[in-house]
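This report refers to the structure that appears directly beneath it.
As a basis for the values below, the full set of heavy atoms in this structure was taken, side chains included, without hydrogen atoms, waters or symmetry mates. Quick note on labels: first sequence line is chain A, next is B, and so on, each numbered from 1.
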Amino acid sequence: MNATLQRTPSRSSAHAAETVTYFPPFDLWEGDQEYRLIGDLPGVAPEDLEVRLENGTLSIYGKASPRSRGRTMLWEEYSVGDFHRAFEIGQDIDAQAISAELRDGVLTVRLPKRAEVQPRRIAVQSG
Amino acid sequence: MLSVRLNPWNEMYRELNRMREELEEFFGARTNGRRPTRESFPPLNVWEDDAGFYVEAELPGLSLEDLDISLTSDNTLVLRGERKEPQTGQGQWLRRERTYGRFERTVTLPGPVNADQVEASFKQGVLTVRLPKAPELLPRKIEVKGG
């Protein structure tokens, strides 16, 4: 499984001119039976998250409602914007079985491996 | 430990930051400012209104129980906690971009606050601490008598 190239936030044509789309950090874990993608999407509600699989690419869009509009900011270390990231999905993944869960701003996508690529324990018979 | 002190210099800092961002955007070279480094985790935003000061931090995956929020006598908010690694079974990490571990950030507010009424809330991994201003900072309406 390979991560794609969107390294920098890009202006999104689908949103208002001042909206900046960010590239959220993700961890990728591999176990015997599945891969797990775990990403930070703070401020995104489950209903504002879209996870889509298309032509072998898993796209993740999260909409974070603006929080700082109209506020008198005293200190600003980050700005709020939407999130987008895409991952290429390898042939070893069972696309039908992918599932996603968003909890407390953390997205976990489980990508089960196809049965034929999972390691199997082979019973050894004693002679 | 990183300390943020709010003073008039911040105005200038913010202005410079904004100019830098505009320049970088103009040249298409804007880098990812969002990825937190260990030194500045979590990033903080601070704002105020007539009633209080507000400190916001992005702490995805954490809840109030994972945090120790305290206020010292000089109006300094101290935020401590730990972000633990996700629990997984047998396997390997192929990519690690998220930040883990213990963190501590402090913010010195520009004025006195009502320490008894500080409130913290968490929503979708975003922490907001509300610190009501002390009575002497609250705006007062002054009656003007007609002559």
Within a 6.0 Å radius of atom CD on A/Q91, are there more than 12 heavy atoms belonging to other residues, nucleotides or ligands? no
Does A/Q96, at its CD atom, have more than 12 non-hydrogen atoms belonging to other residues, nucleotides or ligands within less than 6.0 Å? no
Backbone N/O of B/L44 and side chain of A/E77: donor-acceptor pair under 3.5 Å: yes
Partners meeting ring pair (Phe, Tyr, Trp, His ring centres under 6.0 Å) with B/F122 (sequence neighbours left out): none
On a heavy-atom basis, the closest approach of B/W93 and A/I38 is CH2-CD1, 3.9 Å
Minimum-distance pair of heavy atoms, taken over all atoms of B/N45 and A/E76: OD1-CA, 3.2 Å
Find the distance between CD (B/E48) and OG1 (A/T72) and round it off to the nearest 0.5 Å. 6.0 Å
In Å, rounded to the nearest 0.5 Å, how long is the span from CG of A/D104 to CG of B/L62? 8.5 Å
Shared hydrophobic cluster for A/I93 and A/L107 (ILVMFWY, side-chain gaps under 4.5 Å): yes
For atom CD of B/Q92, decide whether the heavy atoms of other residues, nucleotides or ligands shown that lie under 6.0 angstrom number more than 12. yes
Tell me if a side-chain donor or acceptor on A/D27 pairs with a main-chain N or O of B/R98 at a distance below 3.5 Å. yes
Specify the closest pair of heavy atoms between A/F26 and B/E97, including all atoms of both residues, with the distance to one decimal. N-OE1, 2.6 Å
Looking at A/V44, A/D32, A/T108, A/L102, which makes the most heavy-atom pairs under 4.5 Å with chain B? A/V44
A side-chain contact here means heavy atoms from C-beta on lying under 4.5 Å apart; do B/V55 and A/W75 qualify? no
same_hphob_cluster(A/W29, A/Y35) at 4.5 Å side-chain heavy-atom cutoff: no
With hydrophobic residues grouped by side-chain heavy-atom distances under 4.5 Å, do B/V107 and B/L71 end up in a single group? yes
Restricting to side chain to side chain contact (heavy atoms under 4.5 Å, CB included), what partner residues turn up for A/R103, sequence neighbours left out? A/E101
Over all heavy atoms of both residues, which pair between A/V106 and B/P60 is shortest? Give the atoms and the distance, please. CG2-C, 3.4 Å
Please round to the nearest 0.5 Å and tell me the distance separating atom OG1 of B/T88 and atom CD of A/E30. 12.0 Å
